[in-house]
Amino acid sequence: MSNDIRPSIGLRPVINVSGTMTSLGASIVVPEAIAAMASILPHFVEINDLQRKASAVIARLTGGEAGFVTASCSAGISLAVAGAITGDNLLAIEKLPDVTSEKNEVLVQMGHVVSYGAPVDQAIRLAGGKVVLIGQATSTHRFHMENAITDRTAAAVYVVSHHVVDYGLLNLKEFVEIAHARGVPVIVDAASEYDLRIFLGQGADIALYSGHKFLGGPTSGIVAGRKELVRHAFLQNMGIGRGMKVGKESIFGVMAALEAWENRDHAGIRERETGSLNLWKKTLDGRPGVTALIEPDPTNNPLDRLRLIVDPEEAHITAWDLADALAKGSPPIIVRDHEVEHRYFYLDPCNLHPGQDVIVANRLAEELDKARASNEIIATPIENRSRHRFDGLLRWPD
């Protein structure tokens with residue numbers, strides 16, 4: 001990749017095969033968004049009018065009645081929940097997170113209370129919401145939700161993510177059916193999802209998307225859905241949303257990214273990603289102790305990833321040590337390792353620059369050859385990862 005600024009400011013030139021992860025910068029911003037941001041930065045605009053223009057684009061792309069741009073999908077959760085609690089009561093908006101009404105309970109399936117870098121339930125509590133967990137971690141039935149709804153229920157939040165429990169829980173259609181039977185609005189956190197229309201199409205009242213993941217826009221969140229609820233969420237910019245504001249460049253950049261999404265060559269992108277996956281599988285097939293499987297995305301996004309399963313007895317290295325070796329090497333390769341204790345990790349091709357798939361293949365072969373040549377199995381305790389996971393963050397700044 002030419003014109004790489006990272007080494008000049010002391011940053012590692014990492015290659016991202018983890019996916020659209022915020023901790024790595026989420027995604028490669030599309031040229032249309034970059035151009036749009038540059039074009040509006042020198043000029044003054046009336047932000048609320050710009051948000052109205054964004055609303056029209058968001059509505060067209062998502063099938064919602066209205067929308068706006070905020071700081072992140074996490075901000076969107078807080079704003080949507082706050083809107084459900086306060087409505088358009090400006091005094092109540094100013095008082096949050098202290099609530100002026102008892103109607104502030106927010107239902108969430110226990111198996112959906114995950115962390116995306118921060119806890120889902122914290123985003124609700126920041127808005128003054130009282131989280132009411134329904135069901136158990138791996139089991140939610142209709143009676144759990146039906147009996148949890150009371151006169152104090154303000155909203156119900158549904159999370160779509162590879163982190164959530166993917167069995168035994170209420171699906172979105174049933175979740176919506178139960179909520180709407182009692183007049184409860186449904187807010188869907190769909191930060192990393194590809195389909196911009198399906199969740200509102202299945203009955204959600206508000207759908208929240210990341211503007212900077214699959215869309216390839218600037219760091220941002222998109223709130224879309226029913227006009228009244230979107231307006232109530234937008235009014236939170238006079239309260240808790242003030243700290244979640246976005247600038248003119250982010251709003252206009254998201255508008256450009258959405259419009260580019262309409263014209264994107266999705267089939268061509270899939271073809272290139274499939275080529276990378278096949279290259280990696282060919283590199284790994286036949287190597288002792290390594291199994292490479294191409295698998296579909298667990299939340300039905302139209303993409304595949306490669307699961308690399310490691311038998312340390314044969315490969316002479318554990319999956320987590322291989323992941324760490326790739327991350328520490330040159331160039332650093334960051335894999336999708338959130339399930340690495342199960343002896344596998346994933347390679348995601350969606351954020352590669354041309355030629356980087358070959359570099360990844362070569363680094364995999366290099367590290368596996370090095371481990372195989374070792375007389376001892378490279379096997380550090382998995383507990384070390386947990387013990388030291390936040391060391392760098394806790395030392396910040398050095």
Side-chain angles (χ1 to χ4, degrees), residues 21-23 25-26 29 37 40-41 44-55 58 66-101 104 106 108 113-131 154-155 157 159 187-192 206-213 215 217-225 229-255 257 393-394 396-397:
M21 300 300 175
T22 298
S23 61
V29 178
M37 289 186 284
I40 204 168
L41 277 168
F44 293 106
V45 300
E46 295 168 287
I47 291 293
N48 286 350
D49 283 346
L50 183 58
Q51 286 279 24
R52 289 187 181 94
K53 301 298 184 184
S55 178
I58 292 167
F68 68 92
V69 181
T70 185
S72 64
C73 196
S74 177
I77 297 173
S78 296
L79 298 179
V81 166
I85 292 171
T86 68
D88 59 4
N89 184 326
L90 300 184
L91 182 60
I93 289 169
E94 284 192 353
K95 286 183 176 295
L96 286 182
D98 295 333
V99 294
T100 57
S101 163
N104 71 323
V106 180
V108 188
V113 181
V114 296
S115 174
Y116 46 75
V120 165
D121 58 320
Q122 185 177 49
I124 296 170
R125 288 185 280 111
L126 283 170
K130 179 182 178 182
V131 178
V157 170
V159 180
I187 300 162
V188 175
D189 171 8
S192 298
I206 284 186
L208 310 168
Y209 293 94
S210 168
H212 57 276
K213 292 190 174 180
L215 281 173
T219 300
S220 56
I222 297 169
V223 179
L229 295 178
V230 169
R231 182 169 65 88
H232 294 166
F234 183 72
L235 286 172
Q236 306 305 316
N237 286 307
M238 297 176 62
I240 64 167
R242 181 63 178 174
M244 306 170 187
K245 66 183 179 181
V246 288
K248 58 196 175 186
E249 69 281 2
S250 291
I251 301 168
F252 199 45
V254 167
M255 291 169 64
L393 182 61
L394 291 169
W396 188 93

Minimum heavy-atom distance between [X] and [Y], given as atom pair plus value:
X: Val246; Y: Gln51; value: CG2-NE2, 4.2 Å
X: Ala82; Y: Ile240; value: CB-CD1, 3.9 Å
X: Pro218; Y: Met37; value: CB-SD, 3.6 Å
X: Ser78; Y: Met244; value: CB-CE, 3.8 Å
X: Asp189; Y: Cys73; value: OD1-SG, 3.4 Å
X: Leu41; Y: Lys248; value: O-NZ, 3.0 Å

Would a distance-only check, ignoring hydrogens and angles, find a side-chain to backbone donor-acceptor pair under 3.5 Å from Ser55 to Gly67?
yes
When you measure from the side chain of Thr70 to the backbone N and O of Ser72, does any donor-acceptor pair fall under 3.5 Å?
no
Rounded distance (nearest 0.5 Å) linking atom [atom1] of [X] with atom [atom2] of [Y]:
X: Met255; Y: Ser250; atom1: CE; atom2: OG; answer: 13.0 Å
X: His212; Y: Ile222; atom1: NE2; atom2: CD1; answer: 10.5 Å
X: Ile251; Y: Ile47; atom1: CD1; atom2: CD1; answer: 4.5 Å
X: Asn89; Y: Glu94; atom1: CG; atom2: CD; answer: 10.0 Å
X: Ser220; Y: Leu215; atom1: OG; atom2: CG; answer: 8.0 Å

Looking at side-chain heavy atoms only, is the closest gap between [X] and [Y] below 4.5 Å?
X: Thr86; Y: Leu96; value: yes
X: Leu79; Y: Phe68; value: yes
X: Tyr209; Y: Ile58; value: no
X: Ile93; Y: Gln236; value: yes
X: Val99; Y: Lys130; value: no
X: Val157; Y: Ile187; value: yes

Hey, mind stepping through His232 and Ile85 against side-chain contact (heavy atoms from CB on, under 4.5 Å) and telling me if it holds?
CA-CA 9 Å; His232 294 166; Ile85 292 171; over 6 Å; no
Step-by-step side-chain contact (heavy atoms from CB on, under 4.5 Å) determination, Phe234 to Asn48
CA-CA 10 Å; Phe234 183 72; Asn48 286 350; 3.5 Å; yes
Yes or no on side-chain contact (heavy atoms from CB on, under 4.5 Å) for Thr100 and Leu91, after CA distance, side-chain angles and deciding distance?
CA-CA 9 Å; Thr100 57; Leu91 182 60; 5.8 Å; no
Taking the six-membered ring of Phe252, is the NZ or CZ of Lys53 close enough (under 6.0 Å from the centre) and on axis enough (within 45°)?
no
